[in-house]
Peer 1: 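Supplied in structure tokens, the structure appears directly below.
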Amino acid sequence: MSLPHKNEEYGTEVYWDKRYEQEAEDASFDWFKTYADVANDIRRLIPNRAARILMLGCGNSKFSEDMWEDGYKNIVNVDYSPVVIEKMRNRHKDMRPEMTWKVKDVRTLDGLDTASFDVAIDKGTMDAMMTSSTDVWDPPEQVIKDCTAEVSQVIRILKRNGIFIYITFGQPHFRKRYLTGAHITQNTSLEINQLGESFHYYMYTLRML
């Protein structure tokens, strides 16, 4: 794995394209939690295996693959790195033809129809956009703009009663600002669950009402 010289490189397309180009075709990496770690939570939140799911910033994670194996066949995977999208499309096209792979920026989600998904999942993508800041209490305007843009786009593409699942190490007093506020243009409810017993992760579930 090619590690960045500075943490803020995690938030750049250049870094990810270079990293994915250097990695083996079958390489994979999962931030924070694997699907097995949160499978019970996912099954509770998404009881309908036919739900249309958007995986935001999929990278080469096995999360979608493992969800597919658990019966969730209708998954659209997006990432702004064309390198990883092409690799993942080739990797899964024969074994998991129902899954699709698209080059998209989570801040715009161009080409995805309004109210067209039941579920959107972010596992570490929003966190990568925050790496340019060393001050979690007072992040720069660009970080706030990028993160609120992603959440606004997610709300746009979700159907009524749809849910946004966000898995992160970020504690509520640092993350709730992105999941509540003036950029939330619809009625929503927010559920927060703590994951793990030693080093805590969090699962935020934003539900459209």
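Residues take their numbers from the sequence shown, with the count starting at 1.
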Peer 1: Kindly give the heavy-atom pair with the smallest separation between Met67 and Ile42, and that separation in Å.
Peer 2: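 Reported closest heavy-atom pair: CE-CG2, 3.9 Å.
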Peer 1: If I take atom CE from residue Met88 and atom OG from residue Ser61, how far apart are they, to the nearest 0.5 angstrom?
Peer 2: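 Here the rounded value is 7.0 Å.
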Peer 1: By side chain to side chain contact (heavy atoms under 4.5 Å, CB included), which residues pair with Thr114, not counting sequence neighbours?
Peer 2: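 For Thr114, the residues satisfying side chain to side chain contact (heavy atoms under 4.5 Å, CB included) (neighbours in sequence not counted) are Arg156.
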Peer 1: Just wondering, do Leu45 and Val119 contact through their side chains at under 4.5 Å, heavy atoms?
Peer 2: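 No; the side chains remain at least 4.5 Å from each other.
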Peer 1: Report the distance from atom CG of Leu179 to atom OG1 of Thr188, rounding to the nearest 0.5 Å.
Peer 2: 8.5 Å
Peer 1: Drop me the distance from Arg44's CZ to Asn40's CG, to the nearest 0.5 angstrom.
Peer 2: 9.5 Å
Peer 1: Which donor-acceptor pairs under 3.5 Å do the side chains of residues 201-209 make with protein atoms, sequence neighbours left out?
Peer 2:
residue: Tyr204; atom: OH; partner: Gly170; partner atom: O; Å: 2.7
residue: Tyr204; atom: OH; partner: Gln171; partner atom: O; Å: 3.4

Peer 1: Donor-acceptor check, side chain of Asp79 to backbone of Gly59, threshold 3.5 angstrom: yes or no?
Peer 2: yes
Peer 1: Is there a side-chain contact between Glu25 and Asn90 in this structure, where contact means two heavy atoms from C-beta onward sitting under 4.5 Å apart?
Peer 2: no
Peer 1: Decide yes or no for Leu195 and Asp37: does some side-chain heavy atom of the first lie under 4.5 Å from some side-chain heavy atom of the second?
Peer 2: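 Result no, sub-4.5 Å side-chain heavy-atom pair not found.
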Peer 1: Are the side chains of Met130 and Pro139 in touch, meaning some heavy atoms are under 4.5 Å apart?
Peer 2: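 No, their side chains stay 4.5 Å or more apart.
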Peer 1: If you take all heavy atoms of Asp30 and Lys62, which pair is closest and at what distance?
Peer 2: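 Heavy-atom minimum between the residues: OD2-N, 3.2 Å.
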Peer 1: For Pro140, which of Val143, Ile144, Asp138 qualifies under side-chain contact (heavy atoms from CB on, under 4.5 Å)?
Peer 2: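 Output: one option passes, namely Val143.
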Peer 1: Is Asp122 reaching over with its side chain to a backbone N or O of Gly57, donor-acceptor style, under 3.5 angstrom?
Peer 2: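 No, because the side chain of Asp122 does not come within donor-acceptor range (under 3.5 Å) of the backbone of Gly57.
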Peer 1: Could you tell me if the side chain of Lys123 sits less than 4.5 Å from the side chain of Val38, heavy atoms only?
Peer 2: no
Peer 1: When you measure from the side chain of His183 to the backbone of Tyr178, do you find a donor-acceptor pair of N or O atoms at a distance under 3.5 Å?
Peer 2: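 A pair under 3.5 Å: yes.
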Peer 1: Can you spot which of Val76, Ile53, Ile163 makes a side-chain contact (heavy atoms from CB on, under 4.5 Å) with Phe117?
Peer 2: Val76
Peer 1: So, the side chain of Arg107 versus the backbone of Ala149: is there a donor-acceptor pair under 3.5 Å, distance only?
Peer 2: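 Looks like no, no N/O pair under 3.5 Å.
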Peer 1: Using side chain to side chain contact (heavy atoms under 4.5 Å, CB included) as the criterion, list what pairs up with Lys73, not counting sequence neighbours.
Peer 2: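 Residues passing side chain to side chain contact (heavy atoms under 4.5 Å, CB included) with Lys73: Trp68, Glu98.
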Peer 1: So, using salt bridge (charged side-chain N to carboxylate O under 4.0 Å, His left out) as the criterion, who are the partners of Lys159 when residues are at least two apart?
Peer 2: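 Residues passing salt bridge (charged side-chain N to carboxylate O under 4.0 Å, His left out) with Lys159: Asp118.
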Peer 1: Can you list the residues that meet the side chain to side chain donor-acceptor pair (under 3.5 Å) rule with Glu69, with sequence neighbours excluded?
Peer 2: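 So Glu69 forms a side chain to side chain donor-acceptor pair (under 3.5 Å) with Arg96.
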Peer 1: Do you know which two heavy atoms are closest between Leu158 and Ala120, and how far apart they sit?
Peer 2: CD2-N, 3.8 Å
Peer 1: Could you list the residues that satisfy side chain to side chain contact (heavy atoms under 4.5 Å, CB included) with Ser64, not counting sequence neighbours?
Peer 2: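 Testing Ser64 for side chain to side chain contact (heavy atoms under 4.5 Å, CB included), a comparison that skips the adjacent residues, returns Met55, Ile75, Asn77, Met99.
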Peer 1: Would you give the length of the straight line joining atom NE2 of His92 to atom CH2 of Trp101, rounded to the nearest 0.5 angstrom?
Peer 2: 4.5 Å
Peer 1: Sequence neighbours excluded, which residues qualify as side chain to side chain donor-acceptor pair (under 3.5 Å) partners of Ser28?
Peer 2: none
Peer 1: Measure the OG1-CG distance between Thr180 and Leu190 for me, rounded to the nearest 0.5 Å.
Peer 2: 7.5 Å
Peer 1: After noting the C-alpha distance and the side-chain angles of Leu54 and Val154, does the key distance pass the side chain to side chain contact (heavy atoms under 4.5 Å, CB included) rule?
Peer 2: CA-CA 9 Å; Leu54 180 64; Val154 166; 5.8 Å; no
Peer 1: Is there a side-chain contact between Leu112 and Gln153, using heavy atoms and a 4.5 Å cut-off?
Peer 2: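 No, too far: nothing below the 4.5 Å cut-off.
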Peer 1: Is Tyr166 close to Val151 at the side-chain level, that is, under 4.5 Å between some pair of heavy atoms?
Peer 2: no
Peer 1: Which residues satisfy the salt bridge (charged side-chain N to carboxylate O under 4.0 Å, His left out) test with Lys104, sequence neighbours excluded?
Peer 2: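 If we apply the salt bridge (charged side-chain N to carboxylate O under 4.0 Å, His left out) test to Lys104, skipping adjacent residues, there are no hits.
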Peer 1: Thr108: which residues meet the side chain to side chain contact (heavy atoms under 4.5 Å, CB included) condition with it, sequence neighbours left out?
Peer 2: Asp105, Asp110
Peer 1: Measuring from atom OH of Tyr72 to atom CZ of Phe63, what distance do you get when rounded to the nearest 0.5 angstrom?
Peer 2: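 So the OH of Tyr72 and the CZ of Phe63 are separated by 10.0 Å.
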Peer 1: Just to verify, what does Asp70 make a side chain to side chain donor-acceptor pair (under 3.5 Å) with, not counting sequence neighbours?
Peer 2: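 Counting only residues at least two positions away or on another chain, Asp70 forms a side chain to side chain donor-acceptor pair (under 3.5 Å) with Tyr35, Arg43.
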Peer 1: Using salt bridge (charged side-chain N to carboxylate O under 4.0 Å, His left out) as the criterion, list what pairs up with Asp127, not counting sequence neighbours.
Peer 2: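 Result, salt bridge (charged side-chain N to carboxylate O under 4.0 Å, His left out) vs Asp127: Arg175.
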Peer 1: My understanding is that only residues two or more places apart in sequence, or in another chain, count here; which of them pass side chain to side chain donor-acceptor pair (under 3.5 Å) with Asn74?
Peer 2: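 With sequence neighbours excluded, Asn74 shows a side chain to side chain donor-acceptor pair (under 3.5 Å) to no residue whatsoever.
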